[in-house]
Every structure is written in structure tokens, then in C-alpha cells.
Protein chains: 2
Amino acid sequence: MSFHSYLASIITVSDELQEAFYKLTHTKEVKKGQLLVRSGERCNDIYFVESGLLRGYYYQEEKEITHWFAREDEFATCFYSFITHVPSAEFIEAIEPCQLVQLPHANLQKLYASFPETERIGRLLTEAYYVRLEGRFLGLQFTTAKERYDNLMKDHPQLLRRASLGHIASYLGITQETLSRIRARQ
Amino acid sequence: MSFHSYLASIITVSDELQEAFYKLTHTKEVKKGQLLVRSGERCNDIYFVESGLLRGYYYQEEKEITHWFAREDEFATCFYSFITHVPSAEFIEAIEPCQLVQLPHANLQKLYASFPETERIGRLLTEAYYVRLEGRFLGLQFTTAKERYDNLMKDHPQLLRRASLGHIASYLGITQETLSRIRARQ
DNA sequence: GTTGATTTTTGATGTAGATCAAAAATGCGG
DNA sequence: CCGCATTTTTGATCTACATCAAAAATCAAC
């Protein structure tokens, strides 16, 4: 979905607002495997994914841990770095070719100031991040690896075809071997 | 610490702002064991803890799971309910007698509108919640029960005297028995 | 296709922490 | 200071998942 259609689905986009959006965002195409943000850099942008698939990951004792996926019609950013202006602990990688819309932090602030209705975007973003994290936290504490896998497949049935087992396993908080065994029996 | 001193330590409090605060907040005293919010109710207030200790908890398969503690000089609310206006999934209980300052959501919005510098409060709150959750998420995934316990004791050495083992164990994501054994050996 | 690199599967074994049960310690109202 | 409720400790056993290692399958470049 285009960023514009997405916006129109959550707020009323006046002509002025539409124009402001065109001025304050720019589109970006990235190839498979390309990094958008590296650990240690500041992440000053939000990306809206028009098409393709991104993942955020970080290193934990030499191992890559996938922290999130963002597919078409979702926002992606290193949330903590974006809100605090601190260098990011994570990488953002395109695991499919992507069509993105980039919105810099400063421009988002301009939008808030001129078009109060856009505050809703910020709110939705914060909520989405918080809720996503909370869900994963509870999942880690209270569900088995198999249940987490089943839930993920229910919400994102295509993910298995689009991301590697290793990415999905670390996202679920288990090893690749365990995920492979979970899939085998059933 | 009084709410006023706390505020003065993070933002400059003009006379007008101080007056607005007096109008828009009110103090509240609660006894040990008293509930501030019940699951199913909306949580429309933030509490600043001037003295005492609160905990947030919810039920997971009949068991109480402590989600957070808030001691003096900290804010407490059912964060998700507060930002989304959805009924709370959690309870807030005073586990010590508390002196609180209550700030309703609507009044916080008024403050934001009239005193832009107060936006910092909202930002700090969001960040604090997000960071706290992220820390616990990573802890659950990558550290042993003992490490989590040691970290908690480093940050809150008094907590063991102020909260029960059961509360602390569920906060750490382990059973009471395991926490008891962890403490025994060392 | 053939080849080498990468990803996924399978097998054997180890372990942190859960569960169930009961004893011991602590706290508290009268 | 006694009796009862609550909290904490200790013991025995069980299990989900990790780790290490190697085989099998898939992918991608030439």
C-alpha cells in the first residue's frame, strides 16, 4: 500500500497536509541484504514499508538476534534510538527488496506542530511498539516455544517463506534446532 | 521527595506552572494493601510516589504476576491503559503506606497545551516504560535467574526487605522456590 | 549441471528451572 | 506470649529446551 493510502486510512488527509507530506518525506528503494541502520549510528528516521520486508537485529554474544520484522504497511525504526537520539543498538536490514518512505525525526516534529491530527501517528507508533514488546515479553514468560511459533504463523503465515529459519528462531527466543524440530513434528 | 522538588529537578518550574500543577493534581494517601486500580477499570491517572511502594500485577492462570514496582520518586500507572484508554489488565496495589500525587490524563493534556516544557514529562514516562520493559525482555531471554536477581538487588537493594519473595520471584519470571534456593546458595 | 556455501534437519546428551509436597520460620491479632 | 495464617525453605522428581556435532538439503555462481 502507498504511504498516502495508509495515512488516508487512519486520518483525514487535507490538501495542505498531503502537500506537507510530499515535502517532508522521501521515498527510498533498497535491495535485498542492504542495511538501513548500523549499530552505533543514530537512527533519526522512521520508515514506512510500502513493499518488502525489513528486520531489526542486534548481537548478543556473537549471535544475531532478530528483534522485529516489518512488512508492507508497517512502520519500522530503531524505536529507542529514534525517541532518545542515542546511538542505535540494532541494525536494520532489508531481507527483501523494499520500497520505503522515509520520514526524518525533525520533519515529524514539524508535522506535529502544523497538523495536530498527525500526533495520532506518533501515538500509534508508540503504542504499536509498546504493545508488540509487551506481547513478546509475556509470550517469553508464559508460552512454550511451540505456542509462540504457532501464534506467529497465525499472524504472519507468509513469514516462513520470506525469512530464514534462523531469523525466526531468534525472534521467537529459541535456537534454530529447536524450531526445526517443532516444525518436523506436526 | 515531594513532587514539586522532583519536577524542579527535571524542568524549570515557573510560578505559573507551579500554580497550574497545584490546580491540576491532588495528593492521595493510601494504606498498605489498598488497591488503586483494579483489572477491568480504566486507569486515567498517573501517580507520582512521594513515599512508599506500589506494585502492578496481573493474573496469569490463577497466579499473581508482579509486573513492576514503583518506589518513592517514581511514576506509576497502568501504562497501556493510560495511553490507549482501554480497561486495565492489571491491578495497582500499595505494598507500603504511600503518599501519592495523582495527575489525571485530561489534566496532563492541559499541561502539555499550556506549558510545552511539560512534554518532557510525557517523554520521560514513555521512555522509562519502554526501557524498563525492554530491559526485562532482554533479561528474560539472555540471563539466568540468578543474574536477574543479582541485578535487581544491585539496583534496589532495599526491595527484599520491602516486598515479599513471591512478588519478587514473579517479577523476575521464576517461582518462589527457585528464588529461595538462589538466595540460599551464596 | 557441478561445486561450494549456506541453511535446515537429525541425533545424543546436559541442565536450569518447574512442579508437587511437606517442613520450618515468621508475622500478627487477641 | 499463644495460636493461626502466611511466607519461606528444603527435598525429590520431571521436562522443555540448549548445546555440540554431523549429515542432508537447498541455493547460487560459474
Side-chain angles (χ1 to χ4, degrees), chain A residues 31-35 53 55 57 59-66 69 91 93-97 136-153 158-186, chain B residues 31-35 53 55 57 59-66 69 91 93-97 136-153 158-186:
Chain A
K31 296 192 194 128
K32 177 169 174 167
Q34 205 174 318
L35 293 177
L53 185 61
R55 73 173 180 122
Y57 68 94
Y59 281 90
Q60 177 72 26
E61 286 163 13
E62 329 273 274
K63 283 186 206 132
E64 273 182 19
I65 308 292
T66 296
F69 296 100
F91 295 79
E93 178 193 8
I95 55 181
E96 287 179 0
R136 296 188 64 206
F137 177 74
L138 297 178
L140 214 49
Q141 194 160 181
F142 300 113
T143 61
T144 62
K146 173 151 194 342
E147 286 170 320
R148 274 175 270 150
Y149 172 73
D150 289 344
N151 288 335
L152 183 64
M153 286 305 111
Q158 14 65 355
L159 197 59
L160 202 51
R161 276 176 285 109
R162 298 172 69 180
S164 82
L165 253 207
H167 296 162
I168 295 173
S170 70
Y171 177 81
L172 293 171
I174 56 179
T175 59
Q176 213 183 118
E177 294 95 319
T178 297
L179 181 53
S180 175
R181 278 183 249 264
I182 285 173
R183 292 204 307 162
R185 60 160 202 265
Q186 78 178 349
Chain B
K31 297 193 194 125
K32 178 170 175 168
Q34 205 172 318
L35 292 178
L53 185 61
R55 73 173 181 121
Y57 68 95
Y59 281 92
Q60 177 72 26
E61 286 164 15
E62 327 274 272
K63 283 186 206 132
E64 272 183 20
I65 307 293
T66 296
F69 297 99
F91 296 78
E93 179 194 8
I95 55 180
E96 288 180 0
R136 295 188 65 207
F137 177 74
L138 297 179
L140 213 49
Q141 194 160 182
F142 300 113
T143 61
T144 63
K146 174 155 194 338
E147 287 170 319
R148 273 175 271 152
Y149 172 73
D150 290 342
N151 288 335
L152 183 64
M153 286 305 111
Q158 14 65 352
L159 196 59
L160 201 51
R161 275 175 287 110
R162 299 172 69 181
S164 82
L165 254 206
H167 295 164
I168 295 173
S170 71
Y171 177 81
L172 293 172
I174 56 180
T175 60
Q176 213 182 117
E177 292 95 321
T178 297
L179 181 53
S180 175
R181 279 183 249 265
I182 284 172
R183 292 205 306 162
R185 59 155 200 269
Q186 77 178 358

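Lettering follows sequence order; numbering is per chain, from 1. Remember, it's a predicted structure, so these values are computed and weren't measured experimentally.
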Practice task
Using a heavy-atom cut-off of under 4.0 Å over every strand shown, decide if B:Ser180 touches base, sugar-phosphate, or nothing.
Solution key: base
Fill in the blank from the handout: Taken to the nearest whole Å, CD/B:Glu177 to C1'/D:dT7 is 12 Å
Exercise for the section: Please confirm whether any donor atom in the side chain of B:Arg181 sits under 3.5 Å from an acceptor in the base of C:dT19, or the reverse. Expected result: yes
Completion exercise
Taken to the nearest whole Å, NE2/B:His167 to C1'/D:dT8 is 14 Å
Practice task
Would you kindly check if the NZ (Lys) or CZ (Arg) of A:Arg148 is within the cone defined by 45 degrees around the ring axis of A:Tyr171 and under 6.0 Å from the six-membered ring centre?
Solution key: no
Exercise for the section: Mind calculating the distance between OH (A:Tyr149) and C1' (D:dA16) to the nearest angstrom? Expected result: 18 Å
Exercise for the section: Grab the CD1-P distance between B:Ile65 and C:dA18 for me, whole Å please. Expected result: 11 Å
Fill in the blank from the handout: Ranking D:dT10, C:dT19, D:dT9 by distance to the side chain of B:Arg183, first place goes to D:dT9
Problem - Length of the CD-C1' vector between A:Gln176 and C:dT10, whole Å - result: 13 Å
Practice task
Output the distance between atom CD (B:Gln60) and atom OG1 (A:Thr143), rounded to the nearest 0.5 Å.
Solution key: 9.0 Å
Fill in the blank from the handout: Rounded to whole Å, CG of A:Leu179 lies from P of C:dT9 at a distance of 8 Å
Fill in the blank from the handout: Here the distance between atom C1' of C:dG17 and atom CZ of B:Arg148, to the nearest Å, is 10 Å
Practice task
Please state whether the phosphate of C:dT7, meaning OP1 or OP2, lies under 4.0 angstrom from any side-chain nitrogen or oxygen of A:Ser164.
Solution key: no
Problem - Spacing of CG belonging to B:Leu159 relative to CD1 belonging to B:Ile95, to within rounding of 0.5 Å - result: 7.0 Å
Exercise for the section: Round to the nearest Å and state the distance from A:Arg161 atom CZ to D:dT26 atom C1'. Expected result: 17 Å
Practice task
To the nearest 0.5 angstrom, please state how far the CG atom of B:Leu53 sits from the NZ atom of B:Lys32.
Solution key: 10.0 Å
Problem - A:Thr175 vs D:dA18: side-chain N/O to OP1/OP2 distance below 4.0 Å - result: yes
